[in-house]
Every structure is written in C-alpha cells, then in structure tokens.
Amino acid sequence: MLPNPEFQRNLWLEITPHRLVATPLIFGGVYYLILFFGEHGDQALLLTSLWMFILFAGLWGAYQTENALVTEIQNKTWPLQRLTSINPWTMTWGKLFGSTLFAWYVGLWSLGVFVVTWLLAPEINLFPRADRKWIMLSHGIGPAVLFVVGAVVSIQALGLLLGMWQLNNKFSKTKRRSGLSLMLGLFLLPGVIIPAFEPIKWSKAVHWYQWQFNEFWFGLATLYLFLGWLVAGIYMQMRRELQVSNPPWVWKAFLVFVLVYAMGFPQAEDIISLNGLNFWVARLLLGWALMVGLTYVILFWERPDGVDIRRLFHLWRTHRIRDALCEIPRWLVASVMAWGTAVGLMSLHLVFGGTFLSGDGDVLNLYGLVTAVMCFMMRDIALLLYFYFSDKPQRALGTAVVYWAVLYGLIPKLLEVVWMDTLNPLFLPDGSVHPAYAIVPPLLQAGLMWRYTIHRWRTRFGANG
Amino acid sequence: MSPLIEVKDLTFEYPGKKALSRVSFTIEEGSVTALVGPNGAGKTTLMNCLAALARPVYGHIRLQDVSVLDNPRECHRLIGYLPDFYGLYDDLTVRQCLKYMALAQGIISENIDNAIKITSKRVHILDRLDVKVGHLSRGLRQRLAIGQAIIHDPKIILLDEPASGLDPKARHQLSELLLELRDGGKTLLVSSHILAELEDYSTHMMVIHDGKLEEHTSIRDHKFQSVRTLVLTLARPAEGLTAALSLEEAVSQIEENGTSVEFVFAGTEEDQHHLLKQLLSAGWPVCAFAVREKNLQETYLEKFGAHSHAS
C-alpha cells in the first residue's frame, strides 16, 4: 500500500494490465521500424525517442495534470477530496505525479530508448560533426536527462497550476475546460526546450551580475529553481483550496527572487550601447517592469472579491494581525513591490543621472514614464475591483479586459487615424511628452476610479467594510 | 458537559449575497438535529462551513476541542459529510472507493480491510464490493457515498439531503441506518426536504431562514408542550358536546366532525385527567381520548409557513 492515497487512486485508474503490456509493444514496434528501416537509424532514433518523451510525458502529462483537477470539479469529487485528512503537500505530489503516471510510463520507455541509443550507438553515427551535437548533450547523458526530466516536470506542474487557477474561479463552478496547459506548453516549448537542441558551436556564456556561467548549467539551474517555485505555487494554492492559511512571506519571497534574478542580466556594455541610462538604473528598470507585469498577472489569477477584503478588514479590526497578514491579497503585495521599485528606480536616476533613450533614439523622461505607468496600473486595479464589487462579479474580469482593450488599444488607434496622437498620453504612458502631461491624466483617472470603487464598496458593504 | 459542536457569530457571504448572518448555536453529543429551512436559506452553506469546505467572513466553529478555522484538516477526522451533490469515482470499484477514503482519512493499513467490511455491512453493500461504481443504481451510490463519509467512524455526521432521489425502500433503509448511527452515539445534523422522515430519528430541530437561525429547539419540547390538540373519538355523534366543551376554560378552537371532536387544550396533564373524568361521568359516549402530536412538518409550517415552504 502506498503512503499517498491520491497517488494510489491514480495508480488504480491509470495503470491497467492492458496499458502495461500494450505500451512497450507499440512503442517497441515504432522504434524498431525507425532503427532498422529509417535513414540514419541511430540519429533518427535518438531524436524521435527524445521528442516522444517530451511530447508524451511533457505535453500530454501537462494536459493530464490540468485535467485531473478539472474533472474532479466536473464530476463533483473535489469536495470529497477536500473532506479528507490528506494534507496539502501529499495532495500536491499525489496529483502531480499520480495523474501523470501513464504519461510517465509511456515517456520513460522513450527516455530509456534515448539513453540506450546514446550509450550504445557510435557518436559518429549520432552526430557526424562534433560541433553539431546538441547543447544539452555537451556534458554527457546524465545532465541531458536531468534537463529534459526537469523541463517535463515543469510543464506538468504548469498544467497543474492552470488547473488550480480554474479551481480558484469562485464565481463559476461549471465553466471549466482542460487544454490551457497544452496551449501554454506549445508556447513554452520553443523558449525552454528547443534552445537545448541547438548545436554546441552556438553555445555562449551567460553573464549574470558580474559572473560568467556555462549556458547549459545556468539554464539547468534556472529550470530547477523555477520548478521549485512552480511546485511551491501549487502547494500554496492547494493549501488555500484545503482551507489552510498560507504564510505571508512566500509570495513576497518569490517577487524578490524574480527581481534579483532578472536584474542580473542587463550588462554594462549592453546598456551603454542601447541607451544612456546608468547601469543600476537600467537593471532596476527591468525589475520594476517585471513587478508591474506580475501585479497584472496576479490580479488575473486572484479574482479579488469584496468578501475576501471584508474578511481581511475584520481580522485587522479584531487585532488578529498574524491572520490578517496571511490574508493580504497578493495583488496588493505585488503592487507595493512595484511602487517600491518605482521609487527606488527614480531615486537612483536622480542620483546617477543619465539619459533615457527610446529604441528610436528619442530622449524620454523616466520620471514621467514610470509615474504614468504606476498611475495607469492603479487605475486598472480600481477598475477591476469596481467590477468585482458589483452584483455580478463573475463577469468582472471579462468586462475589465474589454475596457482595457478599448482604453489601451481602440481609442489610441482612433486618435492616430484622426491625427490626434497628441492626446495619446491620456490613454497610454508616454515618456516623450512633458512629465506633467504624462502624469496628470492617468493620475486623475486613477483618483476618479478609486473614488467610484470606494463608493461602490461602501454601498455594498457599509462604511466600515 | 461541553457541547460537541459550538458555533458563534458565524457569518458567510458569497460575492453579492450574505448567506449566513451571525449564526450561533451549540449541539450536544448524541443528538440528531434536523436542519430545515426554505431553499437558499443557508443550510448547505452552514454545513460546508462546519465541514471546513467554506471559509466564513468571521465567526468561530469548534468541533469537540478543534477549531475548524484553525485546523480544518484535523476536523475532518471528526466529521463525516455527505454533501447534497456528491460525486463518486465511477471507474473504481466499491472496494477501491472505500479503501481510498479509508487511506485518505488516515486509517492505518492493518485496519483498512476491517473498516471496509464494517462500513459496507452497515450500508448494505457488502455484496457489491467488487462492482464498478459506474454500474451501481442511484440507491446503491447513495449508500456508498454514506459509507465513504462514515468509514473513519467520525463522531459527527453531516448529511445534506441524504434521502434525495431515493425510492421508498431505500429511504426506509436510510432511516434505519441513521437510527443505528444515533443509537451508536453519533451526533448527526441532517438536512432534508422530507420532514416526516427527519422526525423518525431527530431529537432537535434547527430552522434557518434567510441566513439567520430562527429556532433551535428540542422536538420533545414541541411534542409535550402545554398547549396541545386533543382528539375525542365518540361511539356515536353527540349533540351538545361542543357547547359543553366550550364552557371549559382551558378548551378552545373546537372542531366537530361526526364522531370526532378536536380541540386545543391549554391545561396541565392533571387538568387533562380531570377533563376526561368529567366527560365520562357526564355520560358523553367517549370511546377514545388522545393527544394529537404535531409532526415536524406541522410545527415547521405553523411557525414559518407564512413566509416559506419547508425544503
């Protein structure tokens, strides 16, 4: 008997005698045909088996992890699982590795073929030109396997996280679809896995802060670090689903990690050639942009509603500060981080000076641009909350997205058509105009929107929340 | 003795709707409480909060000595809950479903087979252990769902509309099971549309309306209240009996229907004895004299019928 009931249940469902026998027969047949009847059999076998592993264990596995949660909701079995004494961590790994058991079974046969081919076939058959060998194989088969396994688990974990996102939809309990992970997996494949298939001769060193790293090892470390954060994210979300409160520092730690990680990439020589900013200002500029981006991502994720905020106020009023800290919305933490980095960025710019140039070489006012972006962000938060505090909060996100599309896309485009581009700062952050003109319109919009939102909040929940 | 379930100021909101408003009550160990109220009153939300499936805006819930909000996973060892819309794993066998729940509730491996045997006997599915759940009838699925909820022998059992969709035989079996659980010392909170069935095994009634607790009382109090309806059955119609009864101070609302006379009596049990003695000595052809006990449905409708339907 396995110690994880969720894994055990998946084992009963996923691994049947028929599947156990049929899988090696079918895949064995396919690989036999490739090896003995294909052109460059060894090379084809190496490539095909690895891609089979990535597609089956990775993409199909991601679909399975996402589907594992979506079907629990559709079949109304999720409350049953939530009623058990299974702790969030056991549930997390039980779902992550349980729902993908068959995908792993299929994938591991292919990975086995990949490893055996590499070990047994002469290297000259696999890569007639040594410099064409893939980057992932530059340090042998072990690190290559570590890389593809890490990549596959990451895609599966992403699928599970997307499933959790669908669970998180407290406004609609029926409209859930599997398949988001497949789309995201297909989108991520070129960025994460395909570069590892590039020839060694294209490999270049990675500069991070003042250090220089081998591209493969740096990529591998990054992959496992982000996998760790992905699993932590699933675990935190699982805790939330199982009504266990989360420690307040995890999300903050993730934001700091992203900030520190991203700021290591801009290098002095790149910055000097691209624009006239101070080296550290440029680094912080990237970090700030990421914090703003993550604020929007978590706003999409969290679906903030008045009830959560009311609970937070109640905890605060009753001096349950520790509980209140656990309930602080993540979008609020991210927006505070964005403000912190924005202030830090402008302060550094004030100290170090330097010219901020656009891609076209135009001089931009960094203070105007950064403040305008922050004001637009505040307006957007207020807009979304305004809709979430309505009678039909289930439509809030969709309605807000339509408004954003009109405000950021349609109106500026119309202004361009009628040669009124000068009005653009009313709708888009613009660093090329006078700072007052860049800042005042979004500041007024943010103020107005927050006024409406607070009024709606008071109408719905009373003056004290 | 401290209560087994203690709820204080429980307030729950859905976005746009207050579902529970400052609900407070206690439930003693070994009681069976019928939870009634109209659709949308907040019964399911209350059960979900008790089972740590939904987080209230504020309030406290304690089961035995466990705070549900602070230790939601721990409280699941104390609770067995059958939600109104439950799901089952159709591709697993009955045995696998029960084994999964036994493992998930932390029953140690050596005791699992025994737990499955006891539970499947209790819910009468011992002969279906190796049948796939997808092949079970609705009644059998209901029994399995209850079996899953009680396999870990919880002290508290919450059942939300447990008789919904069951045929009369299955309902009778369910009543028997609930009586057996009650006699085994379990504390039950049962919500049902069918108040007459709740009456078979309930000791208390809790009425929720519009998110507020309207009443929480012992059903015994209702049955043995001082104001009650008495029914006289006569050997033959008796002219003048209504007039004679109306002279009695404790008698009101007399209704005569041939050989049956029904009236509300507001006296003590001693007064009731005297009334009977008086009727017999006066020569009225009384052949039966009984208290007509109000059932749960009547009690509910009497109190809340004006603004709701029992559901």
Side-chain angles (χ1 to χ4, degrees), chain A residues 1-9 12-13 16 71-88 90-91 94 170-171 239-245 303-315 317-318 320 323 327 388-394 396 460-461, chain B residues 11-19 48-49 51-59 68-93 95-97 99-110 112 145 148-149 151-152 154 158 160:
Chain A
M1 196 79 67
L2 287 161
N4 187 323
E6 185 53 18
F7 191 85
Q8 173 75 65
R9 184 183 68 82
W12 286 327
L13 289 171
T16 61
T71 50
E72 295 282 4
I73 290 289
Q74 284 167 349
N75 298 335
K76 301 186 181 78
T77 46
W78 183 232
L80 179 81
Q81 295 205 329
R82 293 174 71 217
L83 277 167
T84 64
S85 304
I86 303 176
N87 66 51
T90 306
M91 190 71 93
K170 49 200 157 201
F171 305 119
R239 284 173 66 98
R240 201 173 265 246
E241 277 296 324
L242 301 183
Q243 306 293 321
V244 182
S245 60
R303 299 182 171 99
D305 69 67
V307 179
D308 293 338
I309 296 171
R310 241 166 88 74
R311 188 183 295 119
L312 174 67
F313 281 173
H314 177 76
L315 291 170
R317 274 204 303 269
T318 51
R320 293 170 62 189
D323 293 335
E327 292 283 331
Y388 270 121
F389 296 163
S390 73
D391 288 334
K392 288 179 178 159
Q394 62 271 28
R460 289 289 307 282
F461 300 109
Chain B
T11 299
F12 187 94
E13 288 175 27
Y14 293 105
K17 186 181 182 271
K18 195 172 239 183
N48 283 342
C49 287
L53 289 182
R55 283 188 79 197
V57 178
Y58 50 84
V68 171
L69 303 183
D70 294 338
N71 301 295
R73 311 309 292 161
E74 204 181 315
C75 89
H76 290 157
R77 291 187 199 274
L78 292 170
I79 273 192
Y81 178 31
L82 178 73
D84 52 351
F85 297 107
Y86 60 87
L88 296 169
Y89 294 109
D90 286 350
D91 293 327
L92 295 182
T93 64
R95 188 191 302 278
Q96 284 172 329
C97 279
K99 193 176 264 186
Y100 170 68
M101 281 310 284
L103 278 168
Q105 294 292 15
I107 298 176
I108 55 170
S109 300
E110 300 86 76
I112 286 179
Q148 288 188 153
I151 193 162
H152 56 300
L158 311 176
D160 197 357

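Within every chain, numbering begins at 1; the chains are lettered A, B, ... in the order of the sequence lines, protein sequences first and strands thereafter.
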Name the atoms and distances for all side-chain donor-acceptor pairs under 3.5 Å in residues 78-87 of chain B, with sequence neighbours left out.
from  : atom 1 : to     : atom 2 : distance (Å)
B:Y81 : OH     : B:N48  : OD1    : 2.9
B:Y86 : OH     : B:Q142 : N      : 3.4
B:Y86 : OH     : B:Q142 : OE1    : 2.7

Original post:
Heavy-atom distance under 4.5 Å to chain A: side chain of B:Y14, backbone, both or neither?
Top reply: backbone

Original post:
Which bit of B:A54 comes within less than 4.5 Å of chain A, counting heavy atoms only: side chain, backbone, both or neither?
Top reply: backbone

Original post:
So which of B:H152, B:R77, B:Q96 has the biggest tally of heavy-atom pairs under 4.5 Å with chain A?
Top reply: B:Q96

How long is the gap from [atom1] on [X] to [atom2] on [Y], to the nearest 0.5 Å?
X      : Y      : atom1 : atom2 : answer
A:D308 : B:E13  : CG    : CD    : 10.5 Å
A:S85  : B:R73  : OG    : CZ    : 7.0 Å
B:Y58  : A:R320 : OH    : CZ    : 13.0 Å

Are the side chains of [Y] and [X] in contact, using a 4.5 Å heavy-atom criterion?
X      : Y     : result
A:T84  : B:H76 : no
B:L88  : A:K76 : no
A:L242 : B:P72 : no

Restricting to non-hydrogen atoms, name the atom on [X] and the atom on [Y] that form the minimum distance, rounded to 0.1 Å.
X      : Y      : answer
A:Q243 : B:L53  : NE2-O, 3.3 Å
A:Q8   : B:L103 : CG-CD1, 4.1 Å
A:L80  : B:Q148 : CD1-NE2, 3.5 Å

Subject >> Counterpart residues, side chain to side chain contact (heavy atoms under 4.5 Å, CB included), relative to A:T77 (two or more places apart) >> reply: A:E72, A:N75, B:Y89

Original post:
In terms of heavy-atom pairs under 4.5 Å with chain B, which of A:Q81, A:R82, A:K392 leads?
Top reply: A:R82

Original post:
Distance-only, no hydrogens or angles: does the B:R55 side chain make a donor-acceptor pair with backbone N or O of A:R311 under 3.5 Å?
Top reply: no

Original post:
Would you say the side-chain atoms of A:E6 pair up with the backbone N or O of B:A104, donor to acceptor, closer than 3.5 Å?
Top reply: no

